[in-house]
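By convention here, the first residue in the shown sequence is residue 1.
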Amino acid sequence: MIRRLLIANRAEIACRIIATARRMGITAIAVYSDPDRDARHVRIADRAVAIGGDTSASSYLNIEAVLAAAKQSKAEAVHPGYGFLSENPDFVDAVVEAGLIFVGPGAGAVRAMGRKDRAKMLMAEAGVPVVPGYHGDDRDEKTLMGEAAAIGYPVMIKARAGGGGKGMRRVDGPDGFVEALAATRREAASAFGDDNVLIEKFIAAPRHIEVQIFADSHGHVVHLYERDCTLQRRHQKVIEEAPAPGMTDEMRSAMTGAAVSAAKAIGYQGAGTVEFIVDGRNGLRPDGFWFMEMNTRLQVEHPVTEMVTGLDLVEWQIRVAAGETLPRRQDEIKISGHAVEARVYAEDPQSGFLPAPGPVYRSRFPVRLRVDHGINNPDEITPFYDPMIAKIAARGDSRSAALASLHAGLLETHILGTKTNLDFIAGLVRHDDVRSMNIDANWIDRNRDALTSVDSNDAFMTHLAAFALAACNGALAGGDGARPGEPGWRLWGAGTSFITFRRRQETIERRLVFEGRTGGEKIVRIFGDGDGITVREIREEAAGVWSFTADGNRCRLTVVAGGNQVSLVCNDRRMLVERCDPLAVTEVAADASVVTAPMTGVVTLANASVGDTVKAGDILMRMEAMKMELSLKAPCNGVVAEVHAAEGVTVDGGAVLIQIKPEAS
């Protein structure tokens with residue numbers, strides 16, 4: 001058995017692997033970059049080794065640095081997690097050449113599946129159905145356009161290397177092909193070091209269903225059933241579940257059989273996932289699925305498989321890597337119940353899902369659900385790595401029970417500081433279309449505006465925010481929760497106070513009247529925007545949890561504070577507000593001649609110099625942060641007057657990058 005395991009990764013997956021290693025009595029060794037020196041995975045590991053650098057390329061993608069850490073710590077094996085070096089065959093070779101055990105498949109299998117074009121040709125030879133498309137080596141733009149026309153629009157342009165939803169563009173006609181091809185190549189080169197692409201037919205109303213497989217070095221291959229990952233945004237998974245809704249015995253047999261055949265065709269070993277695109281228009285049927293790709297690693301969504309099978313996939317990985325046979329035969333692997341997982345990201349759904357690096361003043365997760373995370377209290381989400389903060393998963397006897405449990409757990413989750421997608425994913429799991437599985441892989445993108453709209457006129461929650469801030473005397477605790485004080489109540493008569501706070505950049509003021517009644521009853525009346533509510537029968541149930549009656553309705557309010565933010569949940573509704581000094585609030589007029597950084601990130605292209613004449617819409621800079629590329633365009637016609645950032649420089653969100661002298665009108 002492996003005794004010392006180095007984990008060549010970070011954040012939640014490193015913490016996840018550490019948990020299993022510790023349970024198995026294995027010494028868990030972490031590595032960390034400069035920004036991660038105080039990260040949670042570093043703190044909970046048995047040992048941690050610095051590998052330097054801040055960017056992925058200079059740290060977690062640095063093979064020499066990772067292997068030096070393994071040698072220094074006397075590790076016997078290396079677990080790559082997912083992302084970073086997990087599907088790099090050169091890293092697999094280097095680990096083996098260093099005399100270490102790689103916890104994953106051999107380099108040959110990784111290479112076979114690493115290029116999507118070759119992988120599809122291999123799968124076709126093995127009898128696995130593949131999507132119609134062009135997988136050749138010709139890089140000529142005209143050739144690729146001709147192949148797209150022959151396949152028939154719409155088509156998908158995909159990077160032949162990598163995965164994770166990166167390097168993919170849908171093209172609906174020849175007019176947009178050249179621009180989409182260039183963008184895909186740039187993103188592929190940046191993310192995977194390979195700008196080659198393939199062209200595939202776009203499947204209408206697609207569902208994304210994948211099969212978890214496992215193989216050992218003794219020739220045994222099993223499947224651990226399927227997962228449904230149809231709920232995606234821009235090809236990035238958001239919600240995953242197991243088993244797939246609507247799965248029939250006939251379809252499952254065909255799909256799992258194809259996945260096992262795929263693994264056997266390349267002599268696979270370890271954990272792997274065979275991903276299929278499915279025609280979901282007329283239910284699941286054996287002739288309506290096609291091979292998409294194989295991920296030669298553990299998947300982000302592996303917890304839902306663990307929750308319905310009762311198995312620890314990381315333990316299986318370690319045992320197989322150590323040369324053991326699979327712990328169970330196929331007929332010994334059963335599934336029970338239903339599990340659903342949601343990915344919590346540092347991103348702003350109301351601003352096009354821009355990544356949102358920044359501080360985490362406080363986080364609180366539900367204790368009754370499975371939560372995989374890698375953050376401390378407090379912490380910082382840096383712009384250098386993936387923006388995923390945590391995964392929250394729930395299991396139930398049925399799909400509806402699992403969704404209801406997950407929704408409740410998301411409302412119990414509080415992350416204060418940077419923006420997150422918490423409300424967005426909570427809205428997804430309670431949406432009628434999601435609950436009835438009336439969705440496809442493009443459903444979120446089609447309904448994005450409706451899904452990200454915000455009820456800015458939630459007067460009830462706004463009144464409660466004022467009540468919480470006032471009841472805590474403006475000094476909310478950041479620990480277990482808010483502790484109420486005695487702000488304005490009188491033994492007789494009434495006391496009045498005014499509370500000012502902010503919500504989504506809007507300054508809000510409320511007037512509160514506190515009344516003390518005979519017998520000790522306390523009442524508060526909250527007024528603002530032409531209406532009001534009366535709160536009475538106030539009881540503190542626990543730190544940060546109050547019950548009360550509001551206009552005759554019994555309510556339960558949870559209040560969590562951190563930094564200058566306050567998170568409130570009441571009756572399945574959430575609101576996040578910021579405490580503020582009303583005297584410090586100023587309005588800043590937008591300057592239409594300034595280009596600013598929409599988020600913290602690295603400038604990858606500086607395409608403008610002082611004195612250049614530009615037109616509105618010209619691309620002046622490109623930025624990259626958290627695996628996303630953004631093009632910054634000229635806001636007006638004019639001449640570049642100032643440039644404040646160069647290529648390779650990290651800039652803060654909101655920083656002025658370019659000043660333009662507008663053209664005289």
* Go through E301 and K391 one step at a time and tell me if the salt bridge (Lys or Arg N to Asp or Glu O under 4.0 Å) criterion holds. => CA-CA 8 Å; E301 57 271 23; K391 302 178 305 193; over 6 Å; no
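The aromatic rings of H220 and H218 sit tilted relative to each other, their planes meeting at an angle between 30° and 60°.
Ion pairing between K237 and D228 fails under the 4.0 Å rule for side-chain N and carboxylate O. Salt bridge D312/R23: present, at least one basic N to carboxylate O contact under 4.0 Å. Salt bridge R10/D386: absent, no basic N to carboxylate O contact under 4.0 Å. Between R22 and D46 there is a salt bridge, since at least one side-chain N of the basic residue sits less than 4.0 Å from a carboxylate O of the acidic one.
Listed for the Y225 side chain is a donor-acceptor partner under 3.5 Å among the backbone atoms of I333. R227 contributes no side-chain N or O that, together with a main-chain N or O of T305, makes up a donor-acceptor pair within less than 3.5 Å. Not one N or O on the side chain of N62 forms a donor-acceptor pair closer than 3.5 Å with the backbone of I51. Looking only at distances, no side-chain donor or acceptor of T230 sits under 3.5 Å from a matching main-chain atom of A441. The closest donor-acceptor contact from the side chain of R395 to the backbone of S336 lies under 3.5 Å.
Side-chain contact check for Q212 and H302: no donor-acceptor pair (N or O, by modelled atom type) lies under 3.5 Å. Between D54 and S33, the side chains place no donor N or O within less than 3.5 Å of an acceptor N or O (distance only, hydrogens not considered). The closest side-chain donor-acceptor pair between R368 and S405 falls under 3.5 angstrom.
Judged by a 6.0 Å distance limit and a 45° cone about the ring axis, R234 is not positioned over the six-membered ring of F353.
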